[in-house]
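Shown next, in structure tokens, is the structure this report addresses.
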Amino acid sequence: MTDPLARLAPVVRLAPAKLNLTLAVIGRRRDGFHDLHTVMVQLGLADRLSLAVVPVERGGADTLHVDGLDAGPVADNLALRAVAEARQAVGRGWPGGPGPTPSLSLRLDKRIPVAAGLAGGSSDAAAALDGAVEAWGAELDPERRHAAAARLGSDVPFFLAGGAALVQGRGERVDRLRGVAGSPGVLLVTPAVAVSTPQVFAAFAARGGRGNGSVRMTSEHLAGELAGGLRTSDLVARAGVLAPANDLLAAAVDVLPGLLPFRRALFRVLRQPVGLSGSGPTLWTLYSSEDEAAAAAATVRDALAAGAIPSLGSGEPAVHATTILEGAAR
Ligand code: C5P
């Protein structure tokens, strides 16, 4: 007997990058993580993940093939762990049961820079969790889905919720916000050097482990405004307040001192406030449209070619013009 699932087309998911418009660190928790207050949005820049059911008679483990950017060892990839979490959470009660859910063959087209503060790996994991459940034709109630996402990583629950959100706690408290009307343009400049998030949080702790109260106020204020909805022009007008509103900025510079002159040079070239996403090293500037962001990208590429931006890391930075997504909930 052939497996009915094997005839189905693969499930395909876009896994968007995220941007922290604000990031306040409230304090260290007993579990070693930090409580955050951060406004996050999803971007047009996305990885693409497909998941196909492997016919039961072929069996074997889940597999992952990665095209595009180097995402590190496949065995460590969070997307594979997400499928394992999904299988555990679904259990044996799936439509094709009574046995465990079949293996999946994953293909990932990696476009989001890795270890860059854009949470590409976490987004892939959310897409894999969600896509695996769909590929099996299974059901997973929202609580179990959320718990599985939180086990995978602090940023994963945000991606399950989609859209713009206020994210608190370690990352598990996600409140959807109405967000920004329109499609603000975003320029992302990612130096060619991976930055380790645990290292940045450790540097933050070594600095005394206290966030700046004004960053938290900015974050709370923005969350309030985005709950009601902002126009693109209103968001862009706030860029000067948002760009410094990241408590991890100084700690990221401790870990990667070259980030400071790099950020200053970007400001000189673009004449726009330059923010840091997450623990970095990706830097961002905001625009009214993707076209304006693309023009800024061209300016940055020219400046790099002219040597007006200092080199940092092992090569040219990645330069992306993209947009903030309005986004629908998964
Ligand atoms: O949860 P995730 O694996 O993405 O976190 C990576 C690291 O970042 C953690 O090991 C921890 O050092 C730090 N972290 C934190 N507080 C958070 C999120 C991450 O201290 N809220």
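The first residue of the sequence shown is numbered 1, and numbering continues consecutively from there. Both counts, for ligands and for their atoms, begin at 1 and track the order of listing.
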Salt bridge check: are Arg145 and Asp130 linked by an N-O gap of less than 4.0 Å?
yes
Could you give the side-chain donor-acceptor pairs of residues 259-272 under 3.5 Å, partners two or more places apart or in another chain?
{"residue": "Arg263", "atom": "NE", "partner": "Val274", "partner atom": "O", "Å": "2.9"}
{"residue": "Arg263", "atom": "NH2", "partner": "Val274", "partner atom": "O", "Å": "2.9"}

Donor-acceptor list for residues 207-217 side chains, cut-off 3.5 Å, not counting sequence neighbours:
{"residue": "Arg207", "atom": "NE", "partner": "Asp254", "partner atom": "OD2", "Å": "2.6"}
{"residue": "Arg207", "atom": "NH2", "partner": "Asp254", "partner atom": "OD1", "Å": "3.2"}
{"residue": "Asn212", "atom": "OD1", "partner": "Ser214", "partner atom": "N", "Å": "2.8"}
{"residue": "Asn212", "atom": "OD1", "partner": "Ser214", "partner atom": "OG", "Å": "2.8"}
{"residue": "Arg216", "atom": "NE", "partner": "Glu220", "partner atom": "OE2", "Å": "3.0"}

Is any NZ, NE, NH1 or NH2 atom of the basic residue among Asp175 and Arg173 found under 4.0 Å from an Asp or Glu carboxylate oxygen of the other?
no
Side chains of residues 190-204: which donor-acceptor pairs under 3.5 Å do they make with residues two or more places apart or in other chains?
{"residue": "Thr190", "atom": "OG1", "partner": "Thr282", "partner atom": "OG1", "Å": "2.9"}
{"residue": "Ser196", "atom": "OG", "partner": "Gln199", "partner atom": "N", "Å": "3.1"}
{"residue": "Thr197", "atom": "OG1", "partner": "Ser279", "partner atom": "OG", "Å": "3.0"}

Are Asp47 and Lys110 ion-paired here, with the side-chain N under 4.0 Å from a carboxylate O?
yes
Quick one: table the atom pairs, ligand 1 N or O against protein N or O, below 3.5 Å, distance rounded to 0.1 Å.
{"residue": "ligand 1", "atom": "1 (O)", "partner": "Ser154", "partner atom": "N", "Å": "2.8"}
{"residue": "ligand 1", "atom": "1 (O)", "partner": "Ser154", "partner atom": "OG", "Å": "2.5"}
{"residue": "ligand 1", "atom": "1 (O)", "partner": "Arg170", "partner atom": "NH2", "Å": "3.3"}
{"residue": "ligand 1", "atom": "16 (N)", "partner": "His34", "partner atom": "N", "Å": "2.8"}
{"residue": "ligand 1", "atom": "20 (O)", "partner": "His34", "partner atom": "N", "Å": "3.4"}
{"residue": "ligand 1", "atom": "20 (O)", "partner": "His34", "partner atom": "ND1", "Å": "2.8"}
{"residue": "ligand 1", "atom": "21 (N)", "partner": "His34", "partner atom": "O", "Å": "2.8"}
{"residue": "ligand 1", "atom": "21 (N)", "partner": "Arg170", "partner atom": "O", "Å": "2.9"}

